[in-house]
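First up is the structure itself, then whatever we jot down about it.
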There are 2 protein chains.
Amino acid sequence: MVRPTMEDVALRAGVSRALVSLVMRGSPKVSELRRTAVLKAAEELGYSPHAMARSLASRTSTVLGVMVSDLHNAFFAEVVDGIDEVAREQGFDIIINTGGRSPARERRALESLLSFRPAGLILLSPVVPATAIGKAAEQLPVVLVARSSRVSTVDTVNDDGEQGARLAVEHLVSLGHKRIAHLDGGEGTQAGPRRRGYVAAMEAHGLVPQVVSSEYTDAAGARAIRSLIADDALPTAILSCNDFNAVGAISALEDAGLRVPQDVSVVGYDNTSLAALRHVSLTTIDQPRAEFGRLAADALLQRVREERTEPVRHLLNPSLVVRGTTAPPATSRRTADFKAKSPERQSRDQ
Amino acid sequence: MVRPTMEDVALRAGVSRALVSLVMRGSPKVSELRRTAVLKAAEELGYSPHAMARSLASRTSTVLGVMVSDLHNAFFAEVVDGIDEVAREQGFDIIINTGGRSPARERRALESLLSFRPAGLILLSPVVPATAIGKAAEQLPVVLVARSSRVSTVDTVNDDGEQGARLAVEHLVSLGHKRIAHLDGGEGTQAGPRRRGYVAAMEAHGLVPQVVSSEYTDAAGARAIRSLIADDALPTAILSCNDFNAVGAISALEDAGLRVPQDVSVVGYDNTSLAALRHVSLTTIDQPRAEFGRLAADALLQRVREERTEPVRHLLNPSLVVRGTTAPPATSRRTADFKAKSPERQSRDQ
DNA sequence: CTACAGCATTAGAGCGCTCCAACCAATAGA
DNA sequence: TCTATTGGTTGGAGCGCTCTAATGCTGTAG
């Protein structure tokens, strides 16, 4: 249970502790003879350097802290993949902690991460107040993903939610839809831009926006649809605030005896793995998640290396993924463009 | 960018460094006068202890390392919740790293975690070779979740896959099914016990097992169904190796014009959030995931405190969650018990 | 033969903290 | 009065490492 130290390796290899240190850091100014001797001794002892002692002594860190607001959401997993890719390339390790979307727990996670004195911090869609982020940013470089900030020492990486919503609306309009409702994400992250983009795109096409208050869950999506039906206000197409909401909406539509996409088209947002399931086959808006991670890590490492001081604000372009839940509205089926429909869902139409 | 040290706090509070240390660790042998003075100085300076220096000096760690094999899988998120809950209760922090189901990356993640010299390590469904785990276990306490081990210094927490499969078979048998196929998970973790449990349960009921080779993905589930249909060997019920596979199977069945559950019943495994979606409403086997995490953390902390040396092998009981994808077989609908059907899917039957 | 590079190697201080032993009142007991 | 005792406080060593400056050791030029 007790790990060997540099001293042990030095003793065994018959050299000084400092020499072992040089070998471990891959210094070129070590003779081949000693180098192999040290490596052999280290191997035999099962030695590996103590990251904390190293970081303490060198007053530097090769660790990037990553705070994932919600581990349950696979969205973040792909962002982490992107971060990990870049970090590893540049010789950095990452440590992850999670806040479970609770501000208190997230704050604790932040403290914990900070106590390791990492070189920098990436926060994925954090829910802690901006002041807490600002405070952290006084101690080390901080990059925010899927959350904006006005602090000039903090870099941000976001998707252009307005553009994403516009893409969805234009897809539906091109199919011939005129009555398109938006199931709104309420207080949720990024709900604002999506709503604004939806409203702007509708108005740009001379259509009347219909924003229905909802949330980022499938239950909320179903509820919104039921209330639309009850009010006799069901449109021919739905733009949900995210994929979960969309799937709930589809369920409620089917429960009411309506067919998707023949009677009502539905578009999600996020392109989660859920949307890609053939059973769901949801038309949705994709965000370049791994790219989020890569850009965030790049931005962070630039700050770590002090190559840049002015803030960076990445706003990435989302893209439309057409699957089986969108089609021309029932009234104009004959004339509209069928090519937009994905063939994988065709078989369910008969 | 430079954090204050204990020295700074001591100076400002007019006391010694050692006294600050005592206050920070909540020692009772500090006068109220000094305590408040120190806390005030710390507050003003924005001081918080340096976890690494502390751990280095005390030769102990209050950190538990958690290696998540796959961050994309929400299964692990709930296990982490359980771990976090117990760890926090007992004053431990956790740091997470991920291996992305690649042995090489996982090995690196392990090294990285180890370099922080945590008090112990929890590995969630690791794919690294057993020798690598054994090596880690020589340095610190290790607990495995969703993977078994024969090493006596390693504790394990698993679900009883045989029992889970048996529950599923018995549910289907009680509905009147006689021809039940198992879409097998192949090399996947835990596929073996599930297969064995299925075969044993079938034989116990005097039925003929039908194991179809498949994988843990929805595409594989769909493929297996198509091959069953092509071979004219489609049974009245399907037990999938996991929920994704089951959803793929349902899709393929619907594509072939068959209705679930009227024509074919489908049972999944894992009770992922996917299964709970009303649009999917999958009958499945639930594993107590948060409990996995709690037990793993408990076992680990026992080892950390050296309260136990003999290994612990938790084998938790899974449970059946009946939703809308199972019903009596078409041929015996009149006589079988309808109560097992979930009402939430009833509306789709007409 | 001395001087001086130039290179490989090492001693020693110090990173921010903990922990032990020592210390210093102040009070209690003899 | 002197010695214990107690509770609060402190100096200093040391955790495993890095880093600077100094050292020893060639080999080559003067």
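Letters A, B, ... mirror the listed sequences (proteins, then strands); counts begin at 1. Keep in mind it's a predicted model, so treat the numbers as computed, not measured.
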Checklist entry - Which sits closer to the 5' end of DNA chain D, B:A53 or B:P28, going by the nucleotide each is nearest to? => result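 Upstream on the strand: B:P28.
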
DNA chain D nearest-nucleotide lookup for B:R35 and A:R54: closer to the 5′ end is B:R35

Please check the phosphate of C:dC17 (OP1 and OP2 only) for any side-chain N or O of B:R59 closer than 4.0 Å.
no

Is any side-chain nitrogen or oxygen of A:S31 closer than 4.0 Å to OP1 or OP2 of C:dT9?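 Yes, such a contact exists.
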
Please state how far atom [atom1] in [X] lies from atom [atom2] in [N], giving the value in whole angstrom units.
X: A:L56; N: C:dA13; atom1: CG; atom2: C1'; value: 13 Å
X: A:K29; N: C:dT9; atom1: NZ; atom2: P; value: 12 Å
X: A:R117; N: C:dG16; atom1: CZ; atom2: P; value: 9 Å
X: A:M52; N: D:dT18; atom1: CE; atom2: C1'; value: 17 Å
X: A:H50; N: C:dG16; atom1: NE2; atom2: P; value: 16 Å
X: B:R34; N: D:dG7; atom1: CZ; atom2: P; value: 17 Å

How close do [X] and [Y] get, counting heavy atoms only, and between which atoms?
X: A:P141; Y: A:R303; answer: CB-CB, 3.5 Å
X: B:P49; Y: A:S115; answer: O-CB, 4.3 Å
X: B:A13; Y: B:A37; answer: CB-O, 3.9 Å

Decide, yes or no, whether a salt bridge links [X] with [Y] under the criterion of side-chain N to carboxylate O below 4.0 Å.
X: B:D81; Y: A:R105; value: yes
X: A:E111; Y: A:R108; value: no
X: B:E291; Y: B:R294; value: yes

Residues of residues 4-24 of chain B with a heavy atom under 4.0 Å from any atom of DNA chain D, listed by number, are B:V15, B:S16, B:R17, B:A18, B:L19, B:L22

